[in-house]
Amino acid sequence: VVIQGFGNVGGMAARLMSRLGLRVISIVEVDGAVYNPHGLDIEALQKHKEETGSILDFPEAENMDREEALLLECHVLVPAAKENVITSKNADKIRARIICEGANGPTDLAGDRILQEKGIDLIPDILCNAGGVCVSYFEWLQNKRSEFWSLEEVDRKLRKKMVIAYDKVKATAAEFR
C-alpha cells in the first residue's frame with residue numbers, strides 16, 4: 001500500500017490497513033515521502049512525526065521524492081490528501097491495482113480515463129471517504145434519540161451501509177464499462 005497523506009484520512013487508513021495485515025510501503029506528505037519495501041511501522045512513524053514535525057528521516061525507512069512514491073508498484077494506492085494528484089501527466093505511470101480515493105477529487109477526468117484503459121480499479125471518493133460522513137450521521141442520530149451505541153454497533157451499521165453502497169457502485173461501473 002502507498003498512501004498519500006498522513007493526516008485524519010491517510011493516517012487512519014494506514015493504521016487500519018496495517019492492522020489488517022496489509023504492508024504499507026510508503027507514506028507521502030507535502031515535504032516528501034518515506035519508503036520501506038518490507039513495510040512501515042505506522043505507530044512508530046506517527047510517533048516520529050509527532051516528535052520531529054515530519055515523516056522524513058524516519059530511521060526505519062529511506063526518504064524519497066513524493067511524486068516518485070506515487071508511482072511505486074503496489075496493490076493499493078490511497079490518494080488521501082489533495083485534489084488532482086492523478087492526472088494525464090502521471091496516470092499512465094501509476095502501477096497500482098486499485099486506487100482508493102480518500103481525498104476529494106484526487107483524480108481528474110483525463111487521469112480517470114487513462115486508469116480505466118489500464119484496467120486499474122478505482123474506488124471513487126464519494127464512496128471511499130463516505131465512512132466518516134456516515135459515522136457523523138450516526139452520531140447525530142444518537143444525539144437526537146438520546147442513545148449511545150457501542151463501537152461494535154457503529155462498526156456493524158457502517159459496514160452494512162458501506163457494503164451496500166460498494167456493491168451498487170461496482171454494479172454500475174460494470175454496466176457502463
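- Interatomic distance, CG of Leu40 versus CZ of Arg23, reported as 10.5 Å (0.5 Å rounding).
- Taking all atoms of both residues into account, the shortest heavy-atom contact from Ile123 to Cys100 is CD1-SG, 3.8 Å.
- Taking both residues in full, the closest heavy atoms of Gly102 and Cys128 are given as N-SG, 4.4 Å, listed atom of the first, atom of the second, then distance.
- Heavy atoms from other residues, nucleotides or ligands lying under 6.0 Å from CG of Asn8 number 12 at most.
- Counting all heavy atoms, side chain and backbone alike, Val34 lies closest to Ala61 at CB-CB, 3.9 Å.
- Two residues are said to be in side-chain contact when any heavy atoms from C-beta on lie closer than 4.5 Å; His48 and Pro59 meet this criterion.
- If you chain together hydrophobic residues whose side chains sit under 4.5 Å apart, Leu158 and Leu16 never meet in one group.
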Steps toward side chain to side chain donor-acceptor pair (under 3.5 Å) verdict (Gln116, Asp112) = CA-CA 6 Å; Gln116 281 185 24; Asp112 186 63; 3.2 Å; yes
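- Under the rule for a salt bridge (Lys or Arg N to Asp or Glu O under 4.0 Å), the partners of Glu43 that lie at least two apart in sequence or sit in another chain are Arg19.
- Sparse packing is recorded around NZ of Lys89, with 12 or fewer heavy atoms of other residues, nucleotides or ligands lying under 6.0 Å away.
- Residue Ile126 qualifies as open at atom CD1: its count of foreign heavy atoms under 6.0 Å is 12 or below.
- Looking only at side-chain heavy atoms (C-beta outward), Tyr166 and Met162 stay at 4.5 Å or farther from each other.
- Residues Phe6 and Leu45 have side chains in contact (heavy-atom distance under 4.5 Å, counting atoms from C-beta outward).
- Taken from CD in Glu29 to CD in Gln4, the straight-line distance is 8.5 Å, to the nearest 0.5 Å.
- Taking CG from Asn84 and CG from Leu109, the interatomic distance works out to 10.5 Å, rounded to the nearest 0.5 Å.
- Distance check, rounded to the nearest 0.5 Å: CG of Asn63 to CZ of Phe58 gives 11.0 Å.
- Looking at heavy atoms from C-beta onward, Met17 lies in side-chain contact with Val76 at the 4.5 angstrom threshold.
- Taking both residues in full, the closest heavy atoms of Ala14 and Ile27 are given as CB-CD1, 4.1 Å, listed atom of the first, atom of the second, then distance.
- Between Thr52 and Asp57, the closest side-chain pair of non-hydrogen atoms is not below 4.5 Å.
- Contact annotation: the side chain of Leu77 approaches that of Ile86 to within less than 4.5 Å [non-hydrogen atoms, C-beta and beyond].
- Applying the side-chain contact (heavy atoms from CB on, under 4.5 Å) rule to Ala110 yields the partners Ser88, Asp108; only residues at least two apart in sequence or on another chain are considered.
- Put simply, Ile99 and Ile25 are part of the same group of oily side chains (I, L, V, M, F, W, Y) that touch within less than 4.5 Å, one to the next.
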Starting from the C-alpha separation in whole Å, work towards a yes-or-no answer on side chain to side chain contact (heavy atoms under 4.5 Å, CB included) for Glu101 and Leu122.
-> CA-CA 7 Å; Glu101 294 186 324; Leu122 186 140; 3.7 Å; yes
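- Between Arg66 and Val30, the closest side-chain pair of non-hydrogen atoms falls below 4.5 Å.
- From Glu83, atom CD reaches atom OG1 of Thr107 across 11.0 Å, with rounding to the nearest 0.5 Å.
- Between Trp149 and Lys157, some side-chain heavy-atom pair lies under the 4.5 Å cut-off.
- Arg97 CZ: 12 or fewer foreign heavy atoms inside a 6.0 Å radius.
- Taking CG of Leu115 as the reference point, atom CG of Asp92 lies at 9.5 Å (rounded to 0.5 Å).
- Without hydrogens or angle criteria, Gln142 side chain to Phe138 main chain gives a donor-acceptor distance under 3.5 Å.
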Could you walk me through whether Met64 and Leu72 pass the side chain to side chain contact (heavy atoms under 4.5 Å, CB included) check?
-> CA-CA 11 Å; Met64 109 180 277; Leu72 288 167; 3.9 Å; yes
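- Using a distance-only test at 3.5 Å, with no hydrogens or angles considered, a donor-acceptor pair links the side chain of Arg95 to the main chain of Leu71.
- Within the 3.5 Å criterion, the main-chain N or O of Val85 finds a donor-acceptor partner in the side chain of Asn90.
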